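Below you'll find the structure, written out as structure tokens, and then a few comments.
Counting convention: from 1, in listed order, for ligands and their atoms alike. Because the structure is predicted, anything quoted here is derived from the model rather than measured.
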Amino acid sequence: MNAADAITRRAGAEPIAAAIVLGTGLGPLADAVAEAVAIPYADLPGFPHAGVSGHAGRLVIGHLGGRRVAVLQGRVHTYETGDPRAMKPVIDTLKALGVPRLLLTNAAGSLRPDMPPGSLMVIEDHIALFGPNPLIGLAGDDRFVPMNGAYDAGLRQAIASGAAEAGIPLFEGVYAWVTGPSFETPAEIRALRTLGADAVGMSTVPEVILARHAGLRAAALSMITNLAAGLAPEAPSHAETKAVAHAGAAAMAAVIRGCLTSLADA
Ligand code: HPA
């Protein structure tokens with residue numbers, strides 16, 4: 001049995017309006033899902049093992065903001081396996097289930113002193129020039145995926161509405177993807193700033209590229225957990241990333257709930 005069949009068998013075949021990938025420390029957001037059916041990734045053929053602390057590794061299907069959603073509590077990062085395509089089986093499963101939208105969340109460092117830890121930033125575009133592309137090695141002309149408008153305008157608008165309704169300020173900016181797992185040097189952060197990045201992180205971009213390849217609409221929301229290297233007196237740490245993201249998970253949940261409610265169609 002493939003993963004899509006396993007999910008339908010356990011959670012039913014009702015259409016799913018959106019899938020939501022939870023970033024580091026943002027796992028508690030899954031607790032906001034009503035009538036939840038939780039399925040460990042280990043029960044889903046092809047699904048990866050989510051091994052980083054701060055990630056649970058299960059799929060939670062239920063209702064949030066009046067929509068049926070699939071919450072992916074745990075992702076695999078390129079730095080875990082060296083494979084930027086590790087999330088492809090998950091995205092292919094969403095496609096097989098007919099899920100039209102993928103909303104990704106992450107923890108990110110800020111390159112802007114006016115966007116402090118605790119801020120939420122909707123990604124308007126990304127820079128991914130320094131890491132391997134997840135489509136390398138795939139065959140077919142459809143691997144030449146255009147990335148204009150990769151971050152869906154309608155979904156971004158819904159996120160902005162969700163934030164406005166919840167009274168939560170929302171930044172908008174460019175996310176620079178780095179593979180990690182080491183953090184950046186201050187010189188790298190200055191370089192990324194010069195290139196036009198507002199935030200930096202180690203996730204999301206491979207999934208957005210895979211989602212566009214699969215024909216899913218994508219959007220992403222960053223929880224700013226720290227000022228990037230060289231912008232603060234102390235160096236960034238994974239402990240800080242987890243703690244600040246955890247503290248901001250309720251705000252992130254409120255924005256996502258409002259976003260789902262304000263989607264134009266189911
Ligand atoms: N750099 C890269 N990834 C991150 C950071 C950072 O400063 N903070 C959270 N994820």
Side-chain angles (χ1 to χ4, degrees), residues 20-29 50-56 72-84 86-87 103-132 134 151 170-209 219-253 255:
I20 303 160
V21 175
L22 299 187
T24 299
L26 298 166
L29 211 141
V52 191
S53 62
H55 291 267
L72 292 143
Q73 199 175 10
R75 60 148 55 95
V76 180
H77 304 80
T78 301
Y79 60 73
E80 289 168 74
T81 61
D83 178 9
M87 289 291 281
L103 178 54
L104 299 137
T105 65
N106 62 45
S110 172
L111 275 61
R112 287 171 41 184
D114 68 326
M115 184 166 70
S119 304
L120 285 176
M121 186 190 94
V122 64
I123 299 181
E124 60 173 293
D125 204 347
H126 74 224
I127 297 171
L129 298 170
F130 309 117
Y151 297 85
L170 185 67
F171 291 83
E172 192 170 36
V174 172
Y175 176 91
W177 180 58
V178 292
T179 63
S182 57
F183 284 100
E184 304 70 42
T185 64
E188 286 166 342
I189 292 300
R190 288 193 298 275
L192 291 173
R193 185 73 193 123
T194 303
L195 290 176
D198 299 293
V200 60
M202 305 175 191
S203 69
T204 301
V205 162
E207 292 120 302
V208 168
I209 295 172
L221 192 54
S222 294
M223 164 64 59
I224 299 297
T225 55
N226 58 285
L227 289 173
L231 271 70
E234 66 284 356
S237 73
H238 191 56
E240 175 188 53
T241 297
K242 283 191 290 187
V244 178
H246 199 271
M252 182 79 106
V255 172

State, to 0.1 Å, how close V21 and R75 come at their nearest heavy-atom pair, and which atoms those are. CG1-NH2, 3.5 Å
Taking G23's backbone N and O only, do any of them form a donor-acceptor pair with T105's side chain (distance below 3.5 Å, no angle check)? yes
Give the minimum heavy-atom separation between Y175 and A108, together with the two atoms involved. CE1-CB, 4.0 Å
Quickly, which of I123, L104, V122 forms a side chain to side chain contact (heavy atoms under 4.5 Å, CB included) with L221? Name it, please. V122
If the criterion is any heavy atom closer than 4.0 Å to an atom of ligand 1, which residues make the list? A107, A108, G109, F183, E184, V200, G201, M202, T225, N226, T241
Are any side-chain N or O atoms of S110 and backbone N or O atoms of R112, one a donor and one an acceptor, separated by less than 3.5 Å? yes
Candidate pair H238 and F183, rule ring pair (Phe, Tyr, Trp, His ring centres under 6.0 Å), full reasoning: CA-CA 9 Å; H238 191 56; F183 284 100; 7.7 Å; no
